[in-house]
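When reading the values below, keep in mind they use all heavy atoms of this one structure, side chains included, and skip hydrogens, waters and symmetry mates. Labels below follow one simple rule: chain letters A, B, ... track the order of the sequence lines, proteins then strands, and each chain is numbered from 1. These numbers were taken from a predicted model, which means no experiment stands behind them.
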Number of protein chains: 2
Amino acid sequence: MVPAPRTARAVARAELTRAILDRAKAQLAEVGPAALSVRQIARDLEMASSAVYRYFPSRDALLTALIIEAYDDLGEAVEAGDATAERADLRGRWTGLARGLRGWAVAHPHEYALTYGSPVPGYAAPQDTIASAARVSTALLTLVADAHAAGRSPVATRPATEAELASIAPVRSFVVDELDEAYTVRGLMAWATLFGNVSLELFGHMYRGVLDYEAHYATLVEQLADDLGL
Amino acid sequence: MVPAPRTARAVARAELTRAILDRAKAQLAEVGPAALSVRQIARDLEMASSAVYRYFPSRDALLTALIIEAYDDLGEAVEAGDATAERADLRGRWTGLARGLRGWAVAHPHEYALTYGSPVPGYAAPQDTIASAARVSTALLTLVADAHAAGRSPVATRPATEAELASIAPVRSFVVDELDEAYTVRGLMAWATLFGNVSLELFGHMYRGVLDYEAHYATLVEQLADDLGL
DNA sequence: CGAGAACAGAGAGCGGTGCTCTCTATTCGG
DNA sequence: CCGAATAGAGAGCACCGCTCTCTGTTCTCG
């Protein structure tokens with residue numbers, strides 16, 4: 001936000017802030033959000049634990065920073081997946097997007113838990129996170145809007161109610177100004193289905209058999225593409 | 001499990017175990033899983049914190065007991081929802097089941113987070129929980145099997161792969177011995193969509209507008225019923 | 001350039017946590 | 001009735017997040 005004056009002190013501050021964040025990220029990946037310890041980070045960085053509080057006012061603030069980074073990482077992965085196919089290849093973009101989502105989640109389970117699991121801090125999702133969090137839904141909505149613009153349409157779908165229309169109103173305004181009612185409903189469903197599947201898999205709710213998650217997810221994604229008329 | 005000998009000591013033990021569990025449950029509902037404190041429970045019950053460990057070997061064990069109760073409560077709510085309609089009224093059973101799920105989750109957000117959010121203990125979902133956890137998916141699978149038996153069929157659906165078939169194999173054996181491939185895929189999708197929606201709502205990922213969750217969920221449930229051919 | 005303000009780091013300490021160990025009192029089964 | 005099993009209490013350990021105070025450094029500005 002702030003351009004940061006180029007004083008030696010400001011540079012050192014930026015570097016140490018980054019170092020703390022990196023160390024926290026590493027610890028998060030190792031032991032998970034619940035066991036993330038400010039004191040341990042300080043020990044790793046060979047500094048007094050109290051000094052860390054010069055950079056992050058609380059453990060929750062540190063976690064919030066990690067959450068934002070996680071949202072951005074995920075957003076990037078999803079956008080990259082979307083970009084693996086030609087713009088007109090809607091189905092390719094969809095599967096890329098979906099694979100990007102699950103691939104990132106499987107590779108970063110603790111980060112995924114931090115963002116899409118139960119809220120860890122006292123609650124109150126910080127306002128700072130919404131911009132980063134919106135990247136995924138924006139990518140998905142854009143794809144759906146592109147499908148509609150290309151004359152596609154989903155399988156038989158109920159008309160959207162006020163609720164659905166209201167839910168995408170904020171995003172719709174600056175992403176796309178016309179979105180089919182049916183696509184709104186199907187889009188929200190696909191969104192929930194994708195995250196539902198990934199959450200159920202990562203949080204240990206898939207059947208304990210020898211389920212091939214990868215293959216199962218592939219079928220799911222293809223079916224959703226069919227339903228979306230891609 | 002054990003018939004429990006009727007000694008005064010055994011009775012007292014059972015009562016205190018129950019009291020601890022109840023107090024823990026109340027605390028869980030108030031402050032959430034992360035802030036649940038063995039010491040606080042002991043204070044509430046006016047006993048030494050060390051005494052609690054005579055009943056639950058660790059905080060995680062206590063949480064596990066709460067998880068099992070939560071699964072059972074949810075299972076009961078879902079089964080009750082399913083039972084609000086006549087056995088042959090598949091659509092009524094479906095909406096009842098779905099409303100039971102969300103209704104319980106909204107009424108018990110911390111319990112829902114404990115079960116379907118990110119795993120709180122070190123990981124390793126205890127084996128004890130699976131029987132209770134299976135109640136929901138059993139109810140859903142039974143409904144889908146009943147639909148198939150009644151000659152219904154879902155909208156155009158891809159054939160199930162080995163993955164899907166394997167995933168329901170353990171349940172299929174004692175719930176229903178023949179289940180359509182298409183219904184397997186659609187059933188798993190509906191399962192993921194339902195939980196995905198509830199999780200996204202409860203964990204704060206629904207769009208920050210004035211979204212009427214209730215109405216949105218109703219539309220979703222109806223659409224899923226359509227897709228399932230109910 | 002130099003003075004005063006702003007900042008960074010360290011250390012001690014507070015109140016909290018989960019959990020263990022030891023000691024005593026009670027209740028059980030043979 | 002007596003020895004063994006059990007229950008409770010209390011002290012204590014190692015950790016946690018966080019605050020406060022003190023010192024040294026680096027900045028800004030007259």
Side-chain angles (χ1 to χ4, degrees), chain A residues 2-21 23-24 27-28 30-67 114 119-124 126, chain B residues 2-21 23-24 27-28 30-67 114 119-124 126:
Chain A
V2 186
R6 292 281 86 188
T7 70
R9 189 176 259 171
V11 170
R13 181 174 185 86
E15 278 176 4
L16 195 46
T17 303
R18 195 58 256 170
I20 292 173
L21 229 28
R23 195 63 213 114
Q27 216 183 100
L28 171 65
E30 290 164 26
V31 298
L36 188 137
S37 155
V38 174
R39 288 178 115 110
Q40 186 56 54
I41 292 170
R43 275 193 293 271
D44 291 351
L45 263 41
E46 290 179 328
M47 61 195 292
S49 65
S50 57
V52 177
Y53 288 87
R54 298 276 182 204
Y55 298 84
F56 294 92
S58 70
R59 180 178 177 276
D60 276 8
L62 186 51
L63 273 176
T64 300
L66 290 177
I67 289 173
L114 203 53
V120 179
Y123 263 108
Chain B
V2 187
R6 292 281 86 187
T7 70
R9 190 176 258 172
V11 170
R13 179 171 187 88
E15 278 176 5
L16 230 186
T17 304
R18 195 57 255 169
I20 292 172
L21 228 30
R23 196 62 212 116
Q27 216 183 100
L28 171 65
E30 289 165 26
V31 298
L36 189 139
S37 156
V38 175
R39 288 178 114 111
Q40 185 57 54
I41 292 169
R43 275 193 294 271
D44 291 351
L45 263 41
E46 289 179 328
M47 61 193 293
S49 63
S50 57
V52 177
Y53 288 86
R54 297 276 182 206
Y55 298 84
F56 295 92
S58 70
R59 181 178 177 275
D60 276 9
L62 186 52
L63 273 176
T64 300
L66 289 176
I67 290 174
L114 203 53
V120 179
Y123 261 107

Please report the closest heavy-atom contact between B/Pro33 and B/Leu28, naming both atoms and the distance. N-CD1, 3.4 Å
Options D/dG17, D/dA9, C/dC19, nucleotide nearest the side-chain atoms of A/Val38: D/dG17
Examine distances only and state if a side-chain atom of A/Arg54 and a backbone atom of A/Arg13 form a donor-acceptor pair shorter than 3.5 Å. no
Are the side chains of B/Leu45 and B/Ile41 in contact, using a 4.5 Å heavy-atom criterion? yes
If you check every side-chain atom of A/Gln40, which of D/dA9, D/dG17, D/dC16 has the closest atom? D/dC16
By the 4.0 Å heavy-atom rule, please label A/Leu36 as base, sugar-phosphate, or nothing. sugar-phosphate
Just to be sure I understand the rule, does A/Tyr55 reach a base, reach only the sugar-phosphate, or reach nothing, if contact means heavy atoms closer than 4.0 Å? sugar-phosphate
From C/dA10, C/dC23, C/dT17, nucleotide with atom closest to A/Arg54 side chain: C/dA10
Would you mind classifying the nucleic acid contact of B/Leu45 as base, sugar-phosphate or nothing, using non-hydrogen atoms under 4.0 angstrom? nothing
Residue A/Arg9, side-chain heavy atoms: nucleotide from D/dT21, D/dG8, C/dA6 that is nearest: C/dA6
Between C/dC19, D/dC22, D/dG8, which nucleotide gets closest to the side-chain atoms of B/Ser58? C/dC19
Please determine whether any donor N or O and acceptor N or O are separated by less than 3.5 Å between the side chain of B/Arg39 and the base of C/dG18. yes
Shortest non-hydrogen contact from A/Ala42 to A/Ser49? CB-CA, 3.5 Å
Base of C/dG11 paired with side chain of A/Ser50 (donor-acceptor, under 3.5 Å): yes
In whole angstroms, the gap separating C1' of D/dG8 from CZ of B/Arg13 amounts to 12 Å
What nucleotide among C/dT17, C/dA10, D/dT19 has an atom nearest to a side-chain atom of A/Tyr53? D/dT19
Do B/Phe56 and B/Val38 make a side-chain contact, defined as non-hydrogen atoms from C-beta onward lying under 4.5 Å apart? no
Answer yes or no: is there a donor N or O on one side and an acceptor on the other, between the side chain of B/Arg39 and the main chain of B/Ala48, under 3.5 Å? no
Whole-Å distance, B/Phe56 CZ to C/dC19 P, equals 13 Å
Between D/dC27, D/dA7, C/dA10, which one does the side chain of A/Ala51 approach most closely? C/dA10
Side-chain N or O of B/Ser37 closer than 4.0 Å to phosphate OP1/OP2 of C/dG18: yes
Taking atom types as they are modelled, is there a donor-acceptor pair under 3.5 Å from the base of D/dG17 to the side chain of A/Arg59? no
Counting only side-chain nitrogens and oxygens, does A/Thr7 get under 4.0 Å of the OP1 or OP2 atom of D/dT26? no
If I take atom CG in residue B/Leu16 and atom P in nucleotide C/dT27, what distance separates them, rounded to the nearest angstrom? 14 Å
Between CD1 of A/Ile20 and C1' of C/dG9 the distance, given in whole Å, is 12 Å
Just the rounded figure in Å: distance from C1' of D/dC16 to CG of A/Leu62. 14 Å
In whole Å, I'd like the distance from the CG atom of A/Asp60 to the C1' atom of D/dG17. 10 Å
Give the rounded distance in Å between these two atoms: CD1 of B/Ile41 and P of C/dT17. 11 Å
